2 protein chains.
Amino acid sequence: MAKIKATANGSRQDVIIKKAAFLFRKKGFRAASMRELAENMGVEAPSLYNHIGSKGELLQSICFKIAALFMKQLEEVETRQVSIVEKLEQLIRFHIRLMLQLYDEVYVANHEWKYLDEISLSQFLSQRKLYEAKMIQLVKKGIRQNEIKNIHPQVAVLTILSAVKGLEILQKHKKEIGEAELENSIAEYLVKGLIK
Amino acid sequence: MAKIKATANGSRQDVIIKKAAFLFRKKGFRAASMRELAENMGVEAPSLYNHIGSKGELLQSICFKIAALFMKQLEEVETRQVSIVEKLEQLIRFHIRLMLQLYDEVYVANHEWKYLDEISLSQFLSQRKLYEAKMIQLVKKGIRQNEIKNIHPQVAVLTILSAVKGLEILQKHKKEIGEAELENSIAEYLVKGLIK
DNA sequence: GCACAAAACTAACACTTATTAGTTTTTGAT
DNA sequence: ATCAAAAACTAATAAGTGTTAGTTTTGTGC
């Protein structure tokens, strides 16, 4: 009769969500079972339901937590008194950093959101669409102000987002290369496509 | 009692694989059921087994077909008498083109390979590792020959691959922007990060 | 130590899954 | 028209799913 214990960094719910993110990332949402999640916590599956509502709610928590972090960062960067290119670079760096630091959660938000239930799904997608639109506006403004070369704003933004979204392939090189150099190399590479 | 018919572009097996790619992409491998696949073909689920071995085999066919296409292209490009940067650009363009033309299959090979059975999985991953290694070698050679700026070869290649891997987010803009412009914009953007 | 709430347990349900067995229908060549 | 092969069907199986109900154990404040 093991027990799920709350830690300094979070309630019992948070501990379950964290492990769920790990499993959803590793196995995929549909392939990750509540029984396996329970086993990982040293408990029987039904016991989880003393702490959480449903499997779907776990996915929601993960996806919306990450979406909120990105959106908050975007809004904060928008207000900063720096050039457009710097703003974009800061956003790119935030994507890289978050992927390195909250690997499981960011991966799940990037790749498993399609298993959200109908209502959450449409909410999630409109948040994402808004995020993309704001980035595209930034690039357009940069072009108007002659700061960014005359690229296709939509395509550029989606290419950048595609690049940072798939960075889980770099996760295993984190130790070997170092987080700081990873962030610098990737950011430099992606920013170079913007400037004149 | 509908029937699966072979078309000009493929045998009955190929038709099933094509539809399976569509479903695996749309729903995810685990969430896509054989019953749904059968329904899409106007047939009952067990009838599929007159033409295919198993659900897993369908995934294998898709993943290895795409992997082979990429590897063949890489080996072909390696022999061409052009600069390193041009070789890399041609590879990038091939990725974009294949994603636009074989959307479902490429998506599945990029995102659903983790559901391959153990043996296929390790084969698939070593093919991918080889592909990455060859691209990294290209970049290193380009740097040595002073053709490519002094970037981190591994990071650069994985960033490029991450970018082209996630291009499904551009699929819905294919009509609106045009395939040619999409290919040009993305390739230009990604190549700019390489050249001095 | 007692009582109450929190959190674990077991048993079970209602579904869905891929796949097999066995049978019937359809197709195509003679 | 006949006969064999191809391809469909129905029925069923065994395994796995998330989740609920009901019960027992554990932890906590008095």
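As the structure is a prediction and not an experimental result, all values here were calculated from the model. Proteins get letters first, then strands, A, B, ... in listed order; numbering begins at 1 in each.
Donor-acceptor pairing under 3.5 Å, judged by distance alone, is present between the side chain of A/Asn50 and the base of C/dA8.
Residue A/Glu118 places its CD atom among 12 or fewer non-hydrogen atoms of other residues, nucleotides or ligands, all under 6.0 Å distant. Counting heavy-atom neighbours within 6.0 Å of B/Glu39 CD, excluding the residue itself, gives a total of 12 or less. More than 12 heavy atoms of other shown residues, nucleotides or ligands fall within 6.0 angstrom of atom NZ in A/Lys174. The environment of NZ in A/Lys172 is crowded: more than 12 heavy-atom neighbours from other residues, nucleotides or ligands sit within 6.0 Å. At most 12 heavy atoms of other shown residues, nucleotides or ligands fall within 6.0 angstrom of atom NZ in A/Lys141.
Recorded end-axis angle for the helix from C/dG1-D/dC30 to C/dT30-D/dA1 stands at 20°, based on five pairs per end and rounded to 10 degrees.
Taking the six-membered ring where tryptophan is involved, the planes of B/Tyr107 and B/His111 are tilted, since the angle between them lies from 30° to 60°.
Atom CE in A/Met41 sits roughly 9 Å away from atom P in C/dA8 (whole-Å rounding). A/His51 places its NE2 atom 15 Å from the P atom of D/dT20, with the value rounded to the nearest Å. What separates CD of A/Glu36 from P of D/dT19 is a distance of 16 Å, to the nearest Å. Regarding A/Leu48, its CG atom lies at a distance of 14 Å from the P atom of D/dT17, rounded to whole Å. As a whole-Å value, the separation of A/Tyr115 OH from D/dG18 C1' is 17 Å. At whole-Å resolution of the value, CD in B/Glu39 and C1' in D/dA8 are 17 Å apart. When rounded to the nearest whole Å, the span between CZ of B/Arg12 and P of D/dA6 equals 10 Å.
The existence of a salt bridge linking B/Lys192 and B/Glu188 is excluded, since no basic side-chain nitrogen approaches an acidic carboxylate oxygen closer than 4.0 Å.
Contact annotation: B/Ser47 reaches the phosphate of D/dC9 (side-chain N/O to OP1 or OP2, under 4.0 Å).
Using modelled atom types and a 3.5 Å distance limit, the side chains of B/Glu44 and B/Ser47 yield no donor-acceptor pair.
The residue from B/Val157, B/Leu138, B/Val164 that alone fulfils the side chain to side chain contact (heavy atoms under 4.5 Å, CB included) condition with B/Leu91 is B/Leu138.
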Item to check | Contact state string [nucleotides 13-23 of chain C, B base, S sugar-phosphate only, - no protein heavy atom under 4.0 Å] | outcome: ----BBBB---
